[in-house]
Asker: 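I'd like to ask you about the structure that follows.
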Amino acid sequence: MTNPQEKDTHNTIEFKDGVPVSVLFDDVYFSKQGGWEESQFVFVSGNEIQSKLEGNDKPTFRIGELGFGSGLNVFVTLDVWKLSKNPPPVTFISLEGYPLTANILLTLNASYPDKDLWFEELICSYESATQTWEKDPSKNLWTYHWKHTYNQNSFTLQVYFGDIKDCLPNFPEIHSWYLDGFSPGKNPDMWSSEVLKQLREKSIVGTSFATFSSAGFLRRNLAELGFVVEKKKGFGRKREMISGFLK
Ligand SMILES: C[S@@+](CC[C@H](N)C(=O)[O-])C[C@H]1O[C@@H](n2cnc3c(N)ncnc32)[C@H](O)[C@@H]1O
């Protein structure tokens, strides 16, 4: 995999209705019908994150995301965690092969002026991580911590920069998955049977998943790996999405 600066020229970003679109993958980073609400609906509610945080019995609750993109899913999850009265420590682990530039990330702030999104220290920390691109993906790790106002627990964000095949093996045991790697038809690498097998290996009984896609091959492969797969009404104009958990 080449370094991020080189990749940026390939993964050109265009804006349609204020939403970043990858020219390389010919797909949107989040819904034109409301990215914040989509993330809440598909990933946060799809994984029942709020009740998992409230009923948590693990020392650290770990969320794994395939495709960091603009960071929107992190901010939506962080918002739920911040508004919880006594949430557990959370680690949100993501991966990204084509990091967006700071300028593009900052357009997210303009789309959601009333939300806490990218702030100066966070964006500087992200930029310096994407500029030190090592060959060994286990070293391309960006980490940032937030402290909870009431109980002082931490929300830790970790992003591995590199291709999914190099990054995913570094993930620890995960309790909820956000599968957000562009649509499977446009980006099969993020949904390969190898990826799904690793996802299974890093899950425990009860680990949940949610995704906007309801592709038949995905439902079948997840079911074969031992996940209970449920079809639901999708966000906005999308007919279906899926979520479930490991039996
Ligand atoms: C739909 S976007 C993710 C949106 C994101 N979760 C958000 O909140 O903005 C999918 C992401 O997967 C990344 N991606 C696509 N193929 C990849 C690969 N083979 N390895 C690593 N990342 C990849 C893309 O660069 C993109 O950022």
Side-chain angles (χ1 to χ4, degrees), residues 1-16 18-32 34-44 46-47 49 63-80 92-102 104-109 111-112 115 117-118 122-123 126 130 133 137 140-142 157-171 176-192 194-196 198-199 209-213 215 235 238 241:
M1 174 150 278
T2 48
N3 74 38
Q5 283 76 17
E6 244 176 274
K7 269 187 266 122
D8 268 344
T9 60
H10 296 124
N11 186 22
T12 310
I13 303 299
E14 283 177 353
F15 282 87
K16 284 191 188 148
V19 173
V21 180
S22 161
V23 173
L24 182 65
F25 294 102
D26 182 29
D27 208 352
V28 289
Y29 278 76
F30 44 82
S31 169
K32 286 174 195 155
W36 184 276
E37 292 77 15
E38 177 192 35
S39 171
Q40 257 173 346
F41 184 93
V42 176
F43 299 106
V44 176
N47 276 296
I49 293 295
I63 298 171
E65 178 188 51
L66 306 188
F68 177 71
S70 67
L72 182 61
N73 287 339
V74 178
F75 294 121
V76 173
T77 308
L78 185 60
D79 194 52
V80 172
F92 189 111
I93 303 138
S94 191
L95 58 85
E96 180 53 59
Y98 306 84
L100 293 175
T101 59
I104 289 174
L105 293 180
L106 288 171
T107 61
L108 195 64
N109 293 6
S111 301
Y112 300 102
K115 304 287 184 198
L117 305 172
W118 291 97
L122 185 66
I123 204 109
Y126 165 92
T130 56
W133 187 268
N140 285 329
L141 177 63
W142 173 46
L157 169 63
Q158 298 192 313
V159 184
Y160 285 98
F161 292 117
D163 191 81
I164 187 161
K165 69 177 174 341
D166 301 317
C167 297
L168 191 53
N170 296 304
F171 277 38
S176 287
W177 290 101
Y178 293 8
L179 309 183
D180 197 13
F182 291 133
S183 80
K186 293 183 171 171
N187 192 21
D189 288 358
M190 291 288 263
W191 311 87
S192 68
E194 192 44 48
V195 163
L196 301 180
Q198 287 190 35
L199 206 114
F209 75 86
T211 178
F212 58 87
S213 171
F235 177 76
K238 286 209 80 170
M241 60 166 272

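Numbering of residues begins at 1 and proceeds along the displayed sequence. Whatever order the structure lists them in is the order used to number ligands and atoms, beginning at 1.
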Asker: Given the side-chain rings of Phe68 and Tyr160, with only the six-membered ring counted for Trp, is the space between their centroids under 6.0 Å?
Answerer: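 Here the rings of Tyr160 and Phe68 have centres that are no less than 6.0 Å from each other.
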Asker: Could you check whether the rings of Phe182 and Tyr29 sit parallel, tilted or perpendicular, using 30° and 60° as the cut-offs?
Answerer: perpendicular
Asker: Is Asn187 touching ligand 1 with its side chain, its backbone, both, or neither, if touching means heavy atoms under 4.0 Å apart?
Answerer: side chain
Asker: With a 4.0 Å cut-off on heavy atoms, does Gly162 reach ligand 1?
Answerer: yes
Asker: Check each of Met190, Lys186, Glu65, Glu96 against atom 24 (C) of ligand 1 and report the one with the nearest heavy atom.
Answerer: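 Of the listed residues, Glu96 has the closest heavy atom.
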Asker: What I want to check is whether the side chains of Glu38 and Ser31 have a donor and an acceptor closer together than 3.5 Å.
Answerer: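 On atom types as modelled, these side chains do not qualify, holding no pair under 3.5 Å.
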Asker: Parallel, tilted or perpendicular: which fits the ring planes of Trp177 and Phe171, with parallel below 30° and perpendicular above 60°?
Answerer: parallel
Asker: Heavy-atom contacts with Leu95 under 4.0 Å: which atoms of ligand 1 show up? List them by number with element.
Answerer: 21 (C), 22 (N)
Asker: Return the option from Val28, Leu66, Ile164 holding the heavy atom at the smallest distance from atom 20 (N) of ligand 1.
Answerer: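 Shortest heavy-atom distance from atom 20 (N) of ligand 1: Ile164.
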Asker: With a 4.0 Å cut-off on heavy atoms, is Lys165 touching ligand 1?
Answerer: no
Asker: Measure Phe68 to ligand 1 on non-hydrogen atoms and call it side chain, backbone, both or neither using the 4.0 Å cut-off.
Answerer: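 Within the 4.0 Å criterion, Phe68 contacts ligand 1 through backbone atoms alone.
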Asker: Ignoring hydrogens and angles, state whether a donor on the side chain of Tyr178 or Thr211 is under 3.5 Å from an acceptor on the partner side chain.
Answerer: no
Asker: Hydrogens and angles aside, do Asp27 and Ser22 bring a side-chain donor and acceptor to less than 3.5 Å of each other?
Answerer: no
Asker: Flag Asn73 as yes when one of its N or O atoms lies below 3.5 Å from any N or O atom of ligand 1, and as no otherwise.
Answerer: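 Yes, at least one N or O pair falls under 3.5 Å.
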Asker: Could you list the atoms of ligand 1 found under 4.0 angstrom from a heavy atom of Tyr29?
Answerer: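 Counting from 1, the qualifying ligand atoms are 1 (C), 2 (S), 4 (C), 26 (C), 27 (O).
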Asker: Which atoms of ligand 1 sit under 4.0 Å from any heavy atom of Ser70?
Answerer: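 Going through ligand 1 atom by atom, the ones under 4.0 Å from Ser70 are 7 (C), 8 (O), 9 (O).
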Asker: Assess Tyr178 for proximity to ligand 1: is some non-hydrogen atom of it under 4.0 Å away?
Answerer: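 Distance cut 4.0 Å: Tyr178 fails for ligand 1.
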Asker: Please give me the minimum heavy-atom distance between Trp191 and Ser183, naming the atom from each residue.
Answerer: NE1-C, 4.0 Å
Asker: Relative to the heavy atoms of Leu72, which atoms of ligand 1 are at a distance of less than 4.0 Å?
Answerer: 7 (C), 8 (O), 9 (O)
Asker: Within a strict 4.5 Å, meaning less than it, do heavy atoms of the Trp36 and Asp79 side chains meet?
Answerer: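 Yes. Closest side-chain heavy atoms under 4.5 Å.
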Asker: Taking 4.0 angstrom as the limit and counting only heavy atoms of Gly67, give me the atoms of ligand 1 inside it, by number and element.
Answerer: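 Listed by number with element, the hits are 3 (C), 4 (C), 5 (C), 6 (N), 11 (C), 12 (O).
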Asker: Testing the basics here: between Phe15 and Ile13, what is the closest heavy-atom pair and its distance to 0.1 Å?
Answerer: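 Minimum heavy-atom separation between Phe15 and Ile13: CE1-CG2, 4.2 Å.
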